[in-house]
Number of protein chains: 2
Amino acid sequence: MSLKFILLGLLDQPRSGYDIKQIFEGTLKNFWNAELSQIYPLLSKLEREGYLESDLVDSSHGPRRRIYHRLAQAETELFDWLASEPDMPVARIGYLAQMFFMEKVSPKQRCGFLHRLRERFEQQHRFLSGLTAQYPLEDFEQNTPSQDDPQASSERYLARVLTMHHGVLRLKALIDWCDLCLCWFDRLPKNS
Amino acid sequence: MSLKFILLGLLDQPRSGYDIKQIFEGTLKNFWNAELSQIYPLLSKLEREGYLESDLVDSSHGPRRRIYHRLAQAETELFDWLASEPDMPVARIGYLAQMFFMEKVSPKQRCGFLHRLRERFEQQHRFLSGLTAQYPLEDFEQNTPSQDDPQASSERYLARVLTMHHGVLRLKALIDWCDLCLCWFDRLPKNS
DNA sequence: TGTTCCATGTAATAAGTTACATGATTTA
DNA sequence: TAAATCATGTAACTTATTACATGGAACA
């Protein structure tokens, strides 16, 4: 159900399904993803249900594009979703399921697994750290210049910058956890 | 696909679908969940495919139970899964999707949302902290007594204790993130 | 006698992935 | 001329959720 609201949220300005997929690939992929084969049918369903309208627009450099824009009903339900309870479904963490049974394999395999896991976390952490460095929180300070345009600039994007910080803090904790695991696995006799 | 291996992993001793659901509710729910309506059909599919066998056993206090046990093929594929790459599908974090659009609502609603989120993390963190306290890592030290029984006790469960620590560290980071968000939202003018 | 727990299943629906099909335009 | 990118879709399949159906045993 969340994907519906993500699409409605991204249509704060008119966009095509292809445009939306670019946004998933570029910035949203840290906390959500959707394939074009899921986006296109859902957009047309939302149009049938009265959330959206679309126009076919010729493109200067490719085939015609179907550009969607959102209607009043979309904004109402979007705001309801934002004001409702935090969406926290059951976590499904595949690598932790593997970890749960990891006692079954050799110490060498256990450590190999954790090193590979750590390296992946490390990569994502480096990427997100670099990204957040480009948007310092200090720029959102209230006694900063450019208070003349209350609607534009800084305030509009604070929430989005904070979503990046979520990844940074989370990944740091997961890297620490890998180190904790490697540390304790090493204290076990190597003959099991 | 992970659920298949979780079921195979849990069948290190003979169990029924109902037994397995109890384990999900009790300890696995921190990183996975499955309903009985998913477990029963998958168990019978895995039996058809030659991973499992089952027997109908009368119960002293209720209807007869179908008890599954795993076969050689199950163990082979289970070990392959454990030695393979860490299973890290695209994260789908609904509350972060909400956060991404949170600029659209009032500061009061934003903070309400984050306080509710923080409270949920706090609850889970308290629960898992209490649980890990019952299984101190020090008990797994290699120069500890009871090295006389190498197969039993401590070593067998270290990986499982470490999966709990994953939750503790992760939730601590998420609580810190909520505090960071609340701190920076408070610095914004209250009139938007 | 009603509620909870034990126990196993099916059916319908929703959400997500992979594969397939089509065709224009741009770039190497 | 071949490959990559732009652009929109359908079909088949897998995974997960919710609702439904059944019936015995324990307990209050």
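Letters go in sequence order (proteins before strands), and every chain restarts at 1. The structure presented is a predicted model; accordingly, all values stated were derived computationally and were not measured.
Not one side-chain nitrogen or oxygen of A:R15 sits closer than 4.0 Å to the OP1 or OP2 atom of D:dA7.
Remark: aromatic rings of A:F100 and B:F31 are close, center separation under 6.0 Å.
Atom NZ of B:K4 is surrounded by more than 12 heavy atoms from other residues, nucleotides or ligands within 6.0 Å.
Under the 4.5 Å side-chain heavy-atom criterion for grouping Ile, Leu, Val, Met, Phe, Trp and Tyr, A:L36 is not connected to A:L43 through any hydrophobic cluster. Transitive grouping of hydrophobic side chains (ILVMFWY, heavy atoms separated by less than 4.5 Å) keeps B:L56 and B:L11 in distinct clusters.
Residues A:L3 and A:W32 form a side-chain contact, since some pair of their non-hydrogen atoms from C-beta on lies under 4.5 Å apart. By the 4.5 Å heavy-atom criterion applied to side chains, B:L180 and A:L137 are counted as neighbours.
Atom CZ in A:R65 sits roughly 10 Å away from atom P in D:dC6 (whole-Å rounding).
A side-chain contact (heavy atoms from CB on, under 4.5 Å) with B:P86 holds for exactly one of A:R118, A:R116, A:M99, A:E119; it is A:R116.
The salt bridge (charged side-chain N to carboxylate O under 4.0 Å, His left out) analysis of residues 30-41 of chain B, with sequence neighbours excluded, yields the pairs B:K21-B:E35.
Under the side chain to side chain donor-acceptor pair (under 3.5 Å) criterion, A:S2 pairs with A:D87, not counting sequence neighbours. Applying the salt bridge (Lys or Arg N to Asp or Glu O under 4.0 Å) rule to A:R64 yields no partners; only residues at least two apart in sequence or on another chain are considered.
Note that the first and last nucleotides of DNA chain C, 5' to 3', having any atom under 4.0 angstrom from a heavy atom of chain A are C:dA15 to C:dT26.
Comparing the helix axis at one end of the helix from C:dT1-D:dA28 to C:dA28-D:dT1 with that at the other, each defined from 5 consecutive pairs, gives an inter-axis angle of 30° (nearest 10°).
Contacts between residues 17-49 of chain B and DNA chain D, defined by a heavy-atom separation under 4.0 Å, are made by B:W32, B:E35, B:S37, B:Q38.
A residue-by-residue look at B:V90 and B:R64 shows that B:R64 has its nearest nucleotide of DNA chain C further toward the 5' end.
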